[in-house]
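In what follows, a single structure is set out as structure tokens and then discussed.
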Amino acid sequence: MSTALATTTPSALPEKFANPLLQIKGVLAQPAVRRSLPMALLVALIGAAALAWMSLSTPTQKTLFTGLTDADKQAVTSALTQASITSHVDEGTGALTVDEDQFSKARMLLAGQGLPKQAPGGYAILDQLPMGVSRAVEGERLRQARETELARSIEDIDAVAEARVHLATPEASVFVRDNAAPSASVVVKLQGGRALSQAQVQSIINLVASSVPGMKPESVTIVDQMGALLSKPGAGGVDADGDARLEMQRKTEDKVRQQLVQLLTPLVGAGNFTAEVQADINLDQTQATRESYDKAGTLRAETGNWTGNQAAGPATPGGIPGALSNTPPPASQLQTPQPANGASGAPAADPTPVAGGAAPNPNKQSDSFQRAYDLGKEVSVTRQTPGSVKRLSVAVLLRDPDKTRRTAMEIGQITDLVKSAVGFDQARQDQVTVISRKFADGATATDGPAWYDNAWLPVLARNATAIVIALLVLLLGVRPLAKGLMKKREDATPALAGPGGAIGGANAEGITVHETVSLDRLAQTQTVDDRIGAVRGFTRDNPARAALAIRDMIKADAK
């Protein structure tokens with residue numbers, strides 16, 4: 001006997017452990033497992049539905065910041081908690097996440113409070129230099145510090161949201177030919193709906209150029225986030241004139257439009273009119289010079305000579321030296337000046353003696369003179385300042401009152417008011433047009449975003465999807481299993497009736513019991529084997545009802 005056991009035991013163990021499927025089938029074939037299997041499937045389906053609900057109902061997380069320091073992480077979390085924004089910190093990566101529908105709100109809130117502040121700025125980068133770094137690394141860190149400081153200075157401008165500065169500083173060389181001027185490039189991200197004026201752009205250029213030794217303003221380039229070049233080359237050239245013209249035109253049109261708004265708002269009410277202005281600006285500089293002379297002039301210079309009769313006078317000098325030479329000359333004789341004869345130099349006739357004056361010199365035969373006169377001179381310079389309005393066009397659209405229309409007299413009065421407000425000039429061929437019409441319904445324009453763009457739609461879709469999945473699991477999975485389980489129990493469970501109970505069904509040995517079972521009945525009409533088989537099958541299939549039957553039989557026996 002011991003030999004048989006020793007030979008059969010080793011062969012049975014490998015077969016048992018080598019067939020796990022047979023073990024699983026054996027476990028599933030057990031009555032307790034078969035009875036609890038539908039309930040286990042029901043619990044599994046309910047758990048799957050709960051898991052789907054939790055995964056779909058939880059909003060999608062979006063990373064807000066990564067790599068924050070502990071101090072910044074605590075400050076950001078506190079600020080979000082005070083604003084009732086739920087935040088999560090990933091334990092693995094340390095990233096700070098928020099709900100996707102609250103991402104923009106969280107960014108705006110933190111930006112308003114200046115959080116986070118973890119980025120080392122400016123020359124604080126130099127404090128992180130390790131010992132023994134090379135000269136090239138030190139130069140790059142110094143350049144990075146300068147770029148960071150310049151970017152922060154540019155971001156202080158209201159219209160600039162973010163800025164990045166790139167400096168190109170060549171190495172210093174002892175050779176003059178190898179020296180290259182430094183240059184810089186600036187990329188600015190402007191606020192929504194904001195723009196930089198030419199004066200602000202020039203200020204940024206001067207700021208960057210004066211911060212780097214040897215850099216010239218024309219070596220600085222500024223570009224916005226759309227790729228538009230803001231620093232225009234050739235200041236004062238064609239581009240500058242065009243920008244100045246557009247800027248002057250915009251300012252003039254805004255001024256006239258503001259005047260119309262102030263005039264028409266008390267009259268027709270805000271929102272009941274629209275006004276458009278088109279101004280043609282003259283930026284031409286005009287300079288005129290005018291010279292005028294008086295008819296009467298003043299003698300400035302006179303040159304000439306005259307000749308006399310030499311025969312009447314002594315041929316040679318004579319007399320006692322020192323006697324007559326010291327006598328004064330004869331009295332001068334006034335004569336009327338003769339007009340100049342121009343460049344011809346023709347001799348003029350002897351002038352007529354002046355009345356009351358001395359007689360003409362009898363020794364004078366002819367004279368020739370050239371005279372220059374100073375005339376009165378007036379120089380007038382007129383310079384016209386650019387920026388005058390060459391032509392102005394104004395269009396005003398009024399809203400008709402409800403169920404009525406404006407009269408022609410009323411429109412004419414408003415037209416006269418508009419002309420007076422904008423400085424209408426007929427000589428410039430200005431145009432002013434005022435009409436009154438019904439405005440189109442602006443309900444669609446004033447409404448908020450479309451229904452499919454609302455923030456609550458993704459949340460509603462996730463919750464609705466989770467509810468639908470849970471209902472499908474309950475209706476298509478749990479309900480059929482429950483109905484099948486209840487039907488199987490009803491078919492396999494004998495009915496209990498009377499004090500002893502009525503037992504129906506088949507036992508393990510194929511014996512069918514349809515009669516009312518009691519202790520007296522079992523003792524009188526059935527054999528022991530039949531009663532054992534019936535009780536065994538009933539107890540195996542329905543232990544609870546068997547216990548009830550036994551209880552009833554015990555009670556009946558006790559009676």
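- Checking side-chain atoms of D400 against main-chain N and O of R405 turns up no donor-acceptor pair under 3.5 Å.
- A distance-only check finds a donor-acceptor pair linking the side chain of N272 to the backbone of V268 [under 3.5 Å].
- A 4.5 Å side-chain heavy-atom check between V394 and F424 finds every atom pair outside the cut-off.
- Residue-environment remark: NZ (K73) exceeds the threshold of 12 foreign heavy atoms within 6.0 Å.
- Judged by distance alone, the side chain of R406 and the main-chain N or O of R399 form a donor-acceptor pair under 3.5 Å.
- Side chain of S185 to backbone of T221: no donor-acceptor contact under 3.5 angstrom is found.
- Between the side chain of E162 and the backbone N or O of K189, no donor-acceptor pair lies under 3.5 Å.
- Remark: side-chain polar atoms of S211 are paired, donor with acceptor, to backbone N or O of L207 under 3.5 angstrom.
- In this structure, L109 and A79 approach most closely via the heavy-atom pair CD2-O, 3.7 Å.
- Looking at L263 and L267, their side chains never come closer than 4.5 Å, going by heavy atoms from C-beta outward.
- No side-chain N or O of Q144 forms a donor-acceptor pair with one of T148 less than 3.5 Å apart.
- By the salt bridge (Lys or Arg N to Asp or Glu O under 4.0 Å) test, R143 pairs with E140, E147, sequence neighbours left out.
- To the nearest 0.5 Å, the span separating OG on S393 from CG on D280 amounts to 8.5 Å.
- Not a single donor-acceptor pair under 3.5 Å links the side chain of K62 to the backbone N or O of D101.
- Judged as a side-chain hydrogen bond (donor to acceptor under 3.5 Å, both in side chains), and not counting sequence neighbours, the contacts of T93 are D90.
- Side-chain contact annotation: Q198 with Q202, donor-acceptor N/O pair under 3.5 Å absent.
- Of all non-hydrogen atoms in A279 and L392, the two that sit nearest each other are CB-CD1, 3.8 Å.
- The shortest distance between side-chain heavy atoms of V389 and N282 does not fall below 4.5 Å.
- The closest side-chain heavy-atom distance from L80 to T86 is not below 4.5 Å.
- Comment: D254 engages R250 in a salt bridge, judged by a side-chain N to carboxylate O separation of less than 4.0 angstrom.
- Between V98 and F103, the shortest heavy-atom contact is CG2-CA, 3.9 Å.
- Closest approach of I154 and V160 over heavy atoms only: O-CB, 3.7 Å.
- Here the side chain of D99 pairs no donor or acceptor atom with the backbone of Q102 at under 3.5 angstrom.
- Residues L167 and L150 meet the side-chain proximity criterion, which asks for heavy atoms closer than 4.5 Å.
- By the 4.5 Å heavy-atom criterion applied to side chains, R391 and Q431 are counted as neighbours.
- Residues D402 and T404 are not in side-chain contact: their nearest non-hydrogen atoms beyond the backbone lie 4.5 Å or more apart.
- Using a 4.5 Å heavy-atom cutoff, the side chains of N206 and P217 are in contact.
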Item to check | E253 vs E276, side-chain contact (heavy atoms from CB on, under 4.5 Å): CA-CA, chis, key distance, verdict | outcome: CA-CA 8 Å; E253 292 176 353; E276 289 296 331; over 6 Å; no
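- Closest approach of S219 to P182, counting heavy atoms only: CB-O, 3.6 Å.
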Next on the checklist: Go through it in stages, so that I can follow the logic: the residues are S78 and Q74, the test is side-chain hydrogen bond (donor to acceptor under 3.5 Å, both in side chains), and I'd like the CA-CA distance, side-chain angles, deciding distance and then a yes or no.
Outcome noted: CA-CA 6 Å; S78 300; Q74 190 275 336; 3.0 Å; yes
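- Counting all heavy atoms, side chain and backbone alike, V434 lies closest to I411 at O-CG2, 3.5 Å.
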